[in-house]
Amino acid sequence: MERQGRDGGKREYVKVAGVESEAVTPATPVAAPRAATGFDYTFPAIRGIQAGREFYVSMCPLRLIPKIFIFDEDELSPELRAQRILNKGRLPALTKYILDNPDDYVFSALTASVDGDMDFDSHSLEGTGFRTGQLRIPMDARFLINDGQHRRAAIELALKENPDLGEETIAVVFFHDAGLARSQQMFADLNRHAVRPARSIGVLYDHRDSSAQIVRVMAGRSNVFKGYVEMEKSNLSARSRMMFTLSALYYGTQALLQGLEIKSDEAAELAQSYWEAIDKVLPEWAMVRNRQLSATEMRRDFIHSHGIALHALGRIGNSLFRDSTAPSKWKKRLAPLEKVDWSRSNSDWEGRAIVGGRVSKSHQNVTLTVNYLRNHLGLGLSPEEQRVEDAYLRGDA
């Protein structure tokens, strides 16, 4: 289809991958072609200014993302690249997130530098129309992602399994490519102040994860936890009156319910029942609630409210639930935990739950803590647990 351009030339508009593009016919014989291909990508866009430089924000169909946005060459040395190497280990989770939540996934904008001309035709020469219009980029321009390369790769993988997603869009911020140094600086600036939110607030706001839903309910209604769970932070200050963090309770409950094929409401009841049974063999928890002991003193002198203990207790409970010989007697089998010395002064914890005077929640330390509790309960160790235990006893841990 032909339309008259603002410069008087005739423009033939075509559709390429869902985006309207144009082939340019100069108005006079002396006008030079805009690009070697003669074709442009045309995006509806908004023009903005940052640090005195123009940039543009547009919406791009997902099916076009893998076709026009490229990665920097992985084989180049870091000082010659403008972005990190793609971590392919992150892609399955990101791809699964899109595919499992087609009705409510959320992706933030991609940021890209364009090595090529960018022409912006505004809707008007003044007012709000000056900032809105059509952004034209030659098809032979080079698009380099400054931020969002993992999102781009996940989109490509998701489209292979669900091509219908190609009709949806993602916001893209276009900057002029001002060279390698500028692109590297953009990457550094975009990531300089990025702060991962605390795991607790992630659990608090996650309405997809069944374990997150369970611990939120428990934290609000269980007599053991109500009023004593820090819902936002994943670390407790020395003077905090809270006994637990929501993230610690989450990981403990997740370990407790791991692999159990039960309905969500049954899982919630079972989890609450288990932690209330644990409360009965850990008298200090009740002492804090009865104001006979402060939460600060308990956390300072004992380890059973720390994340490593909750995680280990969750794994112990999971083993008891899976024991087919006496599935209904798990509460009685917890009784020996009353004899466990949970105080930090107990030298048995050194190297298991405490390293260099500090509680450690590494995978190895969680396993060593689980082993210690299994021995008190008369439970056997798995081959992997036995391997970690043998290394600890040899002094290799």
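Heavy-atom neighbours of K233 NZ from other residues, nucleotides or ligands within 6.0 Å: at or below the threshold of 12. Applying the 6.0 Å contact sphere to OH of Y205 captures no more than 12 heavy atoms from other residues, nucleotides or ligands. Heavy-atom contacts from other residues, nucleotides or ligands closer than 6.0 Å to CZ of R239 number 12 or fewer. Atom CD of E126 sits in a sparse spot, with 12 or fewer heavy atoms from other residues, nucleotides or ligands closer than 6.0 Å. The local environment of CG in N235 is sparse, with at most 12 non-hydrogen atoms from other residues, nucleotides or ligands closer than 6.0 Å. Annotation for N223: atom CG does not count as buried by contact number, only 12 or fewer foreign heavy atoms lying within 6.0 Å.
Taking every heavy atom of both residues into account, I214 and A271 meet most closely at CG2-CB, 4.1 Å. The shortest non-hydrogen separation linking N318 to L260 is ND2-CG, 4.0 Å. Of all the heavy atoms in G307 and A248, the pair that sits closest is CA-CB, 3.7 Å. Among all heavy-atom pairs drawn from D40 and P138, the shortest one is OD1-CA, 3.4 Å. Nearest heavy atoms, R322 versus Q258: NH2-O, 2.7 Å. Closest approach of G356 and E350 over heavy atoms only: N-OE2, 3.5 Å.
Using a 4.0 Å cut-off between charged nitrogen and carboxylate oxygen, E276 and K280 do not count as a salt-bridge pair. One finds no salt bridge joining D100 and R208 here, because no Lys/Arg side-chain nitrogen approaches an Asp/Glu carboxylate oxygen to under 4.0 Å.
With hydrophobic clusters built from ILVMFWY side chains whose heavy atoms lie under 4.5 angstrom apart, L159 shares a cluster with L94. Residues M118 and I46 fall into different hydrophobic clusters, defined by Ile, Leu, Val, Met, Phe, Trp and Tyr side chains chained together at heavy-atom separations under 4.5 Å. L379 and L381 are not part of a single hydrophobic cluster, where members link through side-chain heavy atoms under 4.5 Å apart. Criterion: ILVMFWY side-chain heavy atoms under 4.5 Å apart, direct or through other members. Under it, W275 and M298 are part of a common hydrophobic cluster. Cluster annotation: V359 and V355 are assigned to distinct hydrophobic clusters (Ile/Leu/Val/Met/Phe/Trp/Tyr, side-chain heavy-atom contacts under 4.5 Å, transitive).
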| Please walk me through it: do S113 and N146 pass side-chain hydrogen bond (donor to acceptor under 3.5 Å, both in side chains)? | CA-CA 7 Å; S113 293; N146 302 107; 2.7 Å; yes
| request: Mind running side chain to side chain contact (heavy atoms under 4.5 Å, CB included) on Y228 and R241 for me, showing each step along the way? | output: CA-CA 7 Å; Y228 290 95; R241 59 177 292 275; 4.1 Å; yes
| request: Please lay out, stage by stage, how E297 and S294 fare under the test side-chain hydrogen bond (donor to acceptor under 3.5 Å, both in side chains). | output: CA-CA 5 Å; E297 292 171 327; S294 72; 3.2 Å; yes
| said: Evaluate L337 against L313 for side chain to side chain contact (heavy atoms under 4.5 Å, CB included), listing each step before the verdict. | reply: CA-CA 10 Å; L337 289 179; L313 288 167; 3.9 Å; yes
| How far apart are the C-alpha atoms of R199 and T245, what are their side-chain angles, what is the distance that settles it, and do they pass the side-chain hydrogen bond (donor to acceptor under 3.5 Å, both in side chains) test? | CA-CA 9 Å; R199 183 55 182 151; T245 64; over 6 Å; no
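Proximity of a side-chain donor or acceptor of R299 to a complementary backbone N or O of S305 within less than 3.5 Å is not detected. A donor-acceptor pair is defined here as one N or O able to donate and one able to accept, closer than 3.5 Å; such a pair exists between the side chain of T95 and the backbone of L91. Judged by distance alone, with hydrogens and angles left aside, the side-chain atoms of N346 form a donor-acceptor pair with the main-chain N or O of D341 at under 3.5 Å. With hydrogens and angles ignored, the 3.5 Å screen pairs no side-chain donor or acceptor of Y250 with any backbone N or O of R216. Put simply, the side chain of R333 never gets that close to the backbone of L377: no donor and acceptor are under 3.5 Å apart. Between the E232 side chain and the S200 main chain, no donor and acceptor come within less than 3.5 Å of each other. Under the 3.5 Å distance criterion, the side-chain polar atoms of R352 are matched with a main-chain donor or acceptor of L368. Put simply, the side chain of T296 gets close to the backbone of A238: a donor and an acceptor are under 3.5 Å apart. Remark: side-chain polar atoms of N162 are not paired, donor with acceptor, to backbone N or O of A158 under 3.5 angstrom. With R152 contributing its side chain and P66 its backbone, the two residues share a donor-acceptor pair below 3.5 Å.
One finds the CZ atom of F225 at 5.5 Å from the CE atom of M218 (value rounded to the nearest 0.5 Å). To the nearest 0.5 Å, the span separating CG on L310 from CZ on F244 amounts to 6.0 Å. A distance of 6.5 Å separates CG in L99 from CG in L165, rounded to the nearest 0.5 Å. Taking CD from Q364 and OH from Y392, the interatomic distance works out to 10.5 Å, rounded to the nearest 0.5 Å. Taken to the nearest 0.5 Å, the CZ atom of R289 stands 8.5 Å off from the CH2 atom of W285. Between atom CD1 of residue I170 and atom CG of residue L110 there is a gap of 4.0 Å, rounded to the nearest 0.5 Å.
In summary, the side chains of E389 and N371 do present a donor paired with an acceptor at a separation below 3.5 Å, with no hydrogens or angles considered.
Taking the six-membered ring where the residue is Trp, the centroids of F321 and Y274 are separated by under 6.0 Å. Taking the six-membered ring where the residue is Trp, the centroids of F174 and Y56 are separated by 6.0 Å or more.
Under the 30°/60° scheme for interplanar angles, the aromatic rings of W349 and W342 are found to lie parallel. Taking the six-membered ring where the residue is Trp, F107 and Y105 present perpendicular rings, their angle passing 60° and hence far from 30°.
The only member of Q254, H306, K361, H363 that meets side-chain hydrogen bond (donor to acceptor under 3.5 Å, both in side chains) when paired with H311 is K361.
Contact check for L257 versus T253: side-chain heavy atoms found under the 4.5 Å cut-off. Residues R315 and V366 meet the side-chain proximity criterion, which asks for heavy atoms closer than 4.5 Å. The closest side-chain heavy-atom distance from L334 to L320 is below 4.5 Å.
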